[in-house]
Amino acid sequence: MLRLVLCLALLEPSGAAEAPQRNIPARKVLTPHGDRLGYAPVPRPLTGAHRLTGVLVGRDRATGERVMCGGTVLRSRSRSLVLTAAHCLRDRGRTLEQLVFLPGYDEGRPLHGVWPVVRTWVPSRWRGRSFGPDLLPYDVGLVGVAAKRRGRLEDVTGRGLRTLATGRGTSLRGLELLGYPGGRRYPGDRMYHCVGDAVEGAEDGPGVLVTRNCHAASGGSGGPALYEGAVAGVVSSSSPLHDAKGFTVLSRLGGTPFTRMYEQADRVMSRSS
């Protein structure tokens, strides 16, 4: 089990992603053509799970700033659920507003249209609190999107991704992290991915996964961590970008808090028109 030094940076949904040096040593970069953070652009056209991943855009009512995170379509009976990070829905104790989800987003074009968010869910521990290391295992959120004339979200995108519930102590090799990093070296509107091996981090509750092959930057929040065609976690935080040995923390999808939240969200959205 890896013991984390909790010097973490919450991945701001927007903002610069600057790093003056190679954060991931070259020998640890597993992504083909991976850059200094271990990331590379996802090849076009977007296919498979990449088509189901996109951006969640909202507004911070206090600052007026636009907020952008990653999100991905989850398989559900309601056919209307999107997975993201909790801090992408409630930032600094404030609920973000005017949220929309754009699946298959690429250079300003959403492959499957724009889907207004009608409901959001975060774990009870997250409500009314600002980010802290003790919340890392619970940095998972869900949104329900409104149906369109063409049907519900999964009717348009195709079947969403299933979730993979892993317990504490689980190690996963070959995870694929997806996100939309922003800043001078990144366009902010193109999907990037990073391949990494993840080990258990020393945290309370359901635990977290940590990879030292990827150093997620601003804009990476809320993106999925994929494993064998399923979602095993959500990109939550990273060490600061000046860290020469960067790492990324993933909030896993195992445990009672996520299961209860998912079941409640699916029931609510199944009843919506």
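When a residue number appears, it is its place in the shown sequence, counting from 1. In what follows, every heavy atom counts, from backbone to side chain, and hydrogens, waters and symmetry copies are set aside. This one's a predicted model, so the numbers in the text were calculated from it and none came from an experiment.
Side chains of L250 and V235 form a contact here, defined as non-hydrogen atoms less than 4.5 Å apart. With contacts defined as side-chain heavy-atom distances shorter than 4.5 Å, the pair D35/Y186 qualifies. Between S236 and Y138, every side-chain heavy-atom pair lies at or beyond the 4.5 Å cut-off. At least one side-chain heavy atom of F101 sits under 4.5 Å from a side-chain heavy atom of V73. Looking at L177 and Y39, their side chains come closer than 4.5 Å, going by heavy atoms from C-beta outward. No side-chain heavy atom of D189 sits under 4.5 Å from any side-chain heavy atom of D106. In this structure, L178 and T72 have side chains that are not in contact, with every pair of non-hydrogen atoms separated by 4.5 Å or more. Inter-residue side-chain proximity for L99 and L56 is flagged as met; some heavy-atom pair is nearer than 4.5 Å.
Closest of all the heavy-atom pairs between A40 and T31 is CB-CG2, 4.0 Å. Heavy atoms only, all atoms of each residue included: P110 and V114 are closest at CG-CG2, 4.0 Å. The shortest non-hydrogen separation linking R150 to D155 is O-CB, 4.2 Å. Heavy-atom minimum distance, V100 versus P116: CG1-CA, 3.9 Å. Nearest approach of G70 to T84, heavy atoms of both residues: O-OG1, 2.9 Å. Residue N213 comes nearest to I24 through the heavy atom pair O-CG2, 3.8 Å, listed as atom of the first residue, atom of the second, then distance.
Residue-environment remark: CZ (R44) exceeds the threshold of 12 foreign heavy atoms within 6.0 Å. Counting non-hydrogen atoms of neighbouring residues, nucleotides and ligands closer than 6.0 angstrom, the CZ atom of R173 reaches no more than 12 such neighbours.
Following chains of ILVMFWY side-chain contacts shorter than 4.5 Å, one cannot reach L30 starting from L175, and the two form parts of different hydrophobic clusters. Clustering ILVMFWY residues whenever any of their side-chain heavy atoms sit less than 4.5 angstrom apart, transitively, puts V268 in the very cluster that holds V145. Transitive grouping of hydrophobic side chains (ILVMFWY, heavy atoms separated by less than 4.5 Å) keeps L209 and V195 in distinct clusters. Under a hydrophobic-cluster definition in which Ile, Leu, Val, Met, Phe, Trp and Tyr are linked whenever side-chain heavy atoms come within less than 4.5 Å, directly or via other members, V42 and M68 are assigned to the same cluster. Clustering ILVMFWY residues whenever any of their side-chain heavy atoms sit less than 4.5 angstrom apart, transitively, puts L226 in the very cluster that holds L46.
Here OG1 of T256 is found 12.5 Å from CE of M261. Values are rounded to the nearest 0.5 Å. With values rounded to the nearest 0.5 angstrom, K28 atom NZ is found 6.5 Å from R212 atom CZ. How far OG1 of T157 is from CZ of R79: 10.5 Å, rounded to the nearest 0.5 Å. Expressed to the nearest 0.5 Å, how far CG of L83 lies from CG of L161 amounts to 9.0 Å. One distance of note links CG of L142 with CZ of F258; it measures 5.5 Å at 0.5 Å rounding. The CD atom of E97 lies 8.0 Å from the CG atom of D60; values are rounded to the nearest 0.5 Å.
Within the 3.5 Å criterion, the main-chain N or O of H50 finds no donor-acceptor partner in the side chain of T53. Judged purely by atom type and a 3.5 angstrom limit, H215 uses its side chain to pair as donor or acceptor with the backbone of S239. Remark: the backbone N or O of V140 is not paired with any side-chain donor or acceptor of S251 at under 3.5 angstrom. Under a 3.5 Å cut-off, the side chain of D197 and the backbone N or O of G174 do form a donor-acceptor pair. Side chain of R152 to backbone of S80: no donor-acceptor contact under 3.5 angstrom is found. With hydrogens and angles disregarded, a donor-acceptor distance shorter than 3.5 Å links the side chain of E154 to the backbone of G160. In this structure a side-chain-to-backbone donor-acceptor pair under 3.5 Å is missing from Y262 to T163. Side chain of D266 to backbone of R77: a donor-acceptor contact under 3.5 angstrom is found.
In this pair, W126 and H87 present their aromatic rings tilted. The plane angle is within the 30 to 60° band.
Residues satisfying the salt bridge (Lys or Arg N to Asp or Glu O under 4.0 Å) criterion with R159, sequence neighbours excluded, are absent altogether.
Side chains of S270 and S78: a donor-acceptor N/O pair is absent below 3.5 angstrom, by distance only.
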Between L253 and V234, does a side chain to side chain contact (heavy atoms under 4.5 Å, CB included) hold up when you go through it step by step?
-> CA-CA 8 Å; L253 302 187; V234 177; 4.2 Å; yes

Y105 and M191: CA distance, side-chain angles, deciding distance, side chain to side chain contact (heavy atoms under 4.5 Å, CB included) verdict | CA-CA 8 Å; Y105 184 72; M191 189 185 303; over 6 Å; no

Would C194 and L37 satisfy side chain to side chain contact (heavy atoms under 4.5 Å, CB included), going step by step from the backbone distance to the final call?
-> CA-CA 9 Å; C194 182; L37 302 182; over 6 Å; no

